[in-house]
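This report refers to the structure that appears directly beneath it.
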Amino acid sequence: MSYVFTPAATVSVPVLGTAARFPVHRIYCVGRNYEDHAKEMGFSGREPPFFFMKPADALVVVNAGETGSMPYPSLTKNLHHEIELVVAIGKGGKDIKAADAQQHIFGYAVGLDMTRRDLQNEMKKQGRPWCIGKGFDKAAPIGPITPAAAAGDIGKAEIYLQVNGQERQRSNVSKLIWNIAETLEHLSAAWELQPGDLIYTGTPEGVAAVVAGDTMHGGVSGLEPITVSVK
Ligand code: MN
């Protein structure tokens, strides 16, 4: 096999406790999955789950104990942070039932669903796709993956984000409108999940802007936290 140019390298995320890395297939994201965040965005919080995607190469992979960096993106004046629990799929499948979801999960990580909010809002107003607001380059910082067995009771984990040491977001994974198992059931009815898929499960309330020079530090209890500077 030869290619007309060198193919891009496989995007991968480190896994705690092993030198082997998690090769990324797709990035799915759940919209408005915490009630108080849905309300701050002007919605009731009571709606079926919906999904959007980011390109796999939008990841900014941050190693344990390191500070990652992302450039302040083009075209926006309102870059928002969204701290999220990320589910890493180890075994694919379609029409997965919530009761069977756990066996498809390899592990969990802490991620940031960075959002060009002004562009997303304009697209919403015009009824156009969110890609330019959500799927831009470097829009998906992620920390190392903790294998599921080592992650503790992730369904009851605290989730938080600080910017320059000040708290911006704090909630609990138990407040997800659609929990992890239900999210996998809905998502796998629409797409056949593959090993290597990542699912950003949604952000709690408190989303707000960051500017160049800010440092974000976020976590989910039981997982390796993430620190990212905006350059
Ligand atoms: Mn989000």
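When a ligand or atom number is given, it counts from 1 through the structure's own listing order. Throughout, residue positions are numbered sequentially from 1 according to the sequence presented.
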Hydrophobic cluster mates of L198, side-chain heavy atoms under 4.5 angstrom, ILVMFWY only, any path? V11, V13, V15, F22, V24, I27, L59, V61, V86, F106, I142, I145, Y200

Does a donor on one side chain and an acceptor on the other come within less than 3.5 Å for Q120 and H80? no

Decide, yes or no, whether a salt bridge links R116 with E122 under the criterion of side-chain N to carboxylate O below 4.0 Å. no

Listed by chain and number, what are the salt bridge (charged side-chain N to carboxylate O under 4.0 Å, His left out) partners of E205, not counting sequence neighbours? none

d(T146 OG1, E224 CD) to nearest 0.5 Å is 7.0 Å

S69: partners by side-chain contact (heavy atoms from CB on, under 4.5 Å), with sequence neighbours left out: K231

Can you check the number of protein N/O/S atoms within less than 2.8 Å of the Mn ion (ligand 1)? 3

